[in-house]
Protein chains: 2
Amino acid sequence: MSDAEGTVPLARLLAMAYGDLIDQLHARLRADGWADVRPAYGFVLLATRAGSQSLTELASRLEVSKQAASKLVESMVAADYLTYVTDGGDSRVKGVALSDRGRRLLAAVEGIYADLEAGWAELIGARAVETMRRHLLTVVRARHDGELPTVRPPDGR
Amino acid sequence: MSDAEGTVPLARLLAMAYGDLIDQLHARLRADGWADVRPAYGFVLLATRAGSQSLTELASRLEVSKQAASKLVESMVAADYLTYVTDGGDSRVKGVALSDRGRRLLAAVEGIYADLEAGWAELIGARAVETMRRHLLTVVRARHDGELPTVRPPDGR
DNA sequence: TACGATCGTCAAGTACATTGACGAATGGAG
DNA sequence: CTCCATTCGTCAATGTACTTGACGATCGTA
């Protein structure tokens with residue numbers, strides 16, 4: 001589809017651009033030796049970066065069921081991106097925190113994103129990249145009472 | 001996560017913005033009576049808008065297996081968004097085209113997107129919306145030999 | 001002490017995808 | 001005209017990721 005068929009909706013462009021960035025992110029992670037990173041891991045790392053949280057809290061942030069969150073975390077613990085921690089003395093609560101390897105992965109992801117954005121800056125200009133960032137922040141915050149939401153795993157279901 | 005924690009990567013902002021647009025799109029579709037629209041339908045409608053195609057071609061465009069495409073199409077035919085057509089005299093080939101209802105849905109989607117973009121224009125300015133569109137076109141085309149790809153259904157799996 | 005609420009696990013189920021085999025149809029070489 | 005390689009779409013089997021609701025253990029409050 002070309003724009004000879006009219007203006008391309010922003011939603012499609014956002015989807016394409018996002019898909020490209022994610023494809024490139026994972027390609028570079030694999031090239032750098034991060035072979036076992038599933039797409040959903042990024043959302044968990046982001047949700048956990050500020051500190052440990054319970055499975056139930058994580059499930060809520062990701063907008064999935066407790067069991068889905070539990071299985072996701074289980075596989076990330078097995079891959080040593082997360083670690084279980086004791087959290088506040090309540091034996092019911094299973095605390096989840098970034099492991100050292102998880103922090104390194106998060107740093108790698110952020111480095112690659114910076115790199116990809118530098119590529120965008122070459123195409124459209126560094127100022128345009130910052131303007132786009134600012135405008136996207138504005139429209140997203142407008143929908144979330146001024147805050148940024150966590151991003152749930154995308155669901156085609 | 002706030003930008004007190006540093007610059008928010010564009011990928012995350014794109015994901016949030018896209019998720020918001022899709023959520024609003026489906027909420028408005030439901031409000032307008034389009035009760036049975038699954039997220040994956042949009043990709044098929046888009047891939048089919050230019051004219052009929054075979055199941056195998058559609059599967060290729062959506063980057064899914066032939067069976068996945070077949071099942072998706074089957075449910076869209078049942079919902080009267082698509083129709084099977086005779087295609088080119090090759091009895092092996094199952095042609096798939098938009099139905100009248102499918103065309104109306106596509107028009108409804110485009111109208112809603114225009115509306116949502118008008119909302120963005122109120123927040124960041126109409127010129128900023130067009131600038132963003134142009135810049136996104138640039139960066140996406142740079143990755144696809146000057147063309148725009150079809151957008152495959154997102155897969156967090 | 002008792003009870004309602006919470007946490008995380010479990011079982012059962014759903015949706016959507018994959019791979020590879022297969023039969024029918026096609027087209028081209030011999 | 002025949003034969004064979006290829007293509008199309010369906011089928012079966014399988015896998016992944018998710019859901020709901022029940023349940024036992026734990027907690028906090030009355």
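These numbers were taken from a predicted model, which means no experiment stands behind them. We name chains A, B, ... by the order of the sequence lines, and we start the count at 1 in each one.
The nearest whole Å value for the distance from the CZ atom in A:Arg38 to the C1' atom in C:dA17 is 14 Å. As rounded to whole Å, 10 Å separates atom P of C:dT18 from atom CG of B:Leu62. Atom pair A:Asp36:CG and D:dT16:P shows a separation of 15 Å (rounding to whole Å applied). Separating the CG atom of B:Leu72 from the P atom of D:dG9 is a distance of 15 Å, rounded to the nearest angstrom. Atom CZ of A:Phe43 is separated from atom C1' of D:dC18 by 15 Å (rounded to the nearest Å). When rounded to the nearest whole Å, the span between CD of B:Glu74 and P of D:dG9 equals 14 Å. A straight line from CE of A:Met76 to P of D:dT16 spans 18 Å, rounded to a whole angstrom.
Under the rule for a side-chain hydrogen bond (donor to acceptor under 3.5 Å, both in side chains), the partners of A:Tyr41 that lie at least two apart in sequence or sit in another chain are A:Ser75. Residues satisfying the side-chain hydrogen bond (donor to acceptor under 3.5 Å, both in side chains) criterion with B:Arg133, sequence neighbours excluded, are B:Glu117, B:Glu130. Every residue two or more places apart in sequence or in another chain was checked for a salt bridge (charged side-chain N to carboxylate O under 4.0 Å, His left out) with B:Asp80, and none qualifies. Remark: A:Asp90 pairs with A:Arg92 by the salt bridge (charged side-chain N to carboxylate O under 4.0 Å, His left out) rule, at least two apart or across chains. Not counting sequence neighbours, A:Glu122 has no partner by the side-chain hydrogen bond (donor to acceptor under 3.5 Å, both in side chains) test. Residues satisfying the salt bridge (charged side-chain N to carboxylate O under 4.0 Å, His left out) test with B:Asp145, not counting sequence neighbours, are none. Applying the salt bridge (charged side-chain N to carboxylate O under 4.0 Å, His left out) rule to B:Arg134 yields no partners; only residues at least two apart in sequence or on another chain are considered.
Proximity of B:Val44 to B:Leu62: side-chain heavy atoms (C-beta onward) are separated by under 4.5 Å at one or more points.
Side chain of B:Arg12 to main chain of A:Leu46: no donor-acceptor pair is present (N/O by atom type, distance under 3.5 Å, no hydrogens or angles).
Using a 4.0 Å heavy-atom cutoff across all strands shown, A:Gly89 reaches sugar-phosphate atoms only and no base atom.
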Write out a two-atom table: protein N or O, nucleotide N or O from nucleotides 12-14 of chain C, distance below 3.5 Å.
none

Just the table, please: protein N/O against nucleotides 6-8 of chain D N/O, every pair under 3.5 Å.
from: D:dT7; atom 1: O2; to: B:Arg92; atom 2: NH1; distance (Å): 2.4
from: D:dC8; atom 1: O3'; to: B:Arg92; atom 2: O; distance (Å): 3.1

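One finds no side-chain N or O of B:Ser65 lying less than 4.0 angstrom from the OP1 or OP2 phosphate oxygen of C:dT19.
Toward the 5' end of DNA chain C, the nearer of the two residues B:Ala68 and A:Glu57, judged by each one's closest nucleotide, is A:Glu57.
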